[in-house]
Amino acid sequence: MEHICKKCLLLEAGEEAAFKTVSDYLSTLDESLKVNNDLYNERLTYCKSCDYLIAGMCRKCGCYVEIRAALKDKNCPNYNNKKW
């Protein structure tokens with residue numbers, strides 16, 4: 001049985017192909033759409049402590065947290081307990 005990493009981002013969960021796809025996508029976005037690196041890392045820190053994170057995906061909304069955390073117009077989808 002394969003172990004699914006809870007509270008891990010894509011690369012940490014062994015999802016190299018998905019991580020590359022997400023990274024490639026983020027690199028195509030205009031910088032004006034993205035938060036700065038410090039805020040991005042802060043958001044991911046909150047995601048990594050969230051019970052809804054599993055193998056880089058948010059079980060609350062189904063997104064890849066690396067994408068959601070990078071975008072200025074997005075926020076934490078946990079409406080009852082927003083982290084960012």
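Worth knowing before you read on, the calculation uses all heavy atoms, side chains too, and leaves out hydrogens, waters and symmetry mates.
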How about [X] and [Y]: do any of their side-chain heavy atoms sit closer than 4.5 Å?
X     : Y     : result
Cys58 : Cys47 : no
Lys48 : Leu9  : yes
Val35 : Leu71 : no

By side-chain hydrogen bond (donor to acceptor under 3.5 Å, both in side chains) - contacts of [X] (at least two apart):
X     : value
Glu16 : none
Ser32 : Asp30
Lys74 : none

Taking Lys34 for the side chain and Ala70 for the main chain, is one N or O donor matched with an acceptor at less than 3.5 Å? no

Can you tell me how far SG of Cys50 sits from CG of Asn81, rounded to the nearest 0.5 angstrom?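 Result: 8.0 Å between the selected atoms.
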
Met57 side, atom CE; Ile67 side, atom CD1 - distance, nearest 0.5 Å: 9.5 Å

Is Phe19 reachable from Leu26 through a run of I, L, V, M, F, W or Y residues, each pair having side-chain heavy atoms under 4.5 Å apart?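 Both belong to a single hydrophobic cluster.
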
Are Leu39 and Val22 linked, directly or through other ILVMFWY residues, by side chains that come within less than 4.5 angstrom of each other?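 Both belong to a single hydrophobic cluster.
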
Could you check whether atom OH of Tyr40 has more than 12 heavy atoms from other residues, nucleotides or ligands sitting under 6.0 Å from it? yes

Name all pairs fulfilling the side chain to side chain donor-acceptor pair (under 3.5 Å) condition that reach into residues 51-73, sequence neighbours left out, sorted by first residue then second. Lys7-Asp51

Output all residues satisfying side chain to side chain contact (heavy atoms under 4.5 Å, CB included) with Asp38, sequence neighbours left out; order by chain, then residue number. Asn36

Going by the rule side chain to side chain contact (heavy atoms under 4.5 Å, CB included), which residues pair with Asp24 if we only count those two or more places apart in sequence or in a different chain? Lys20

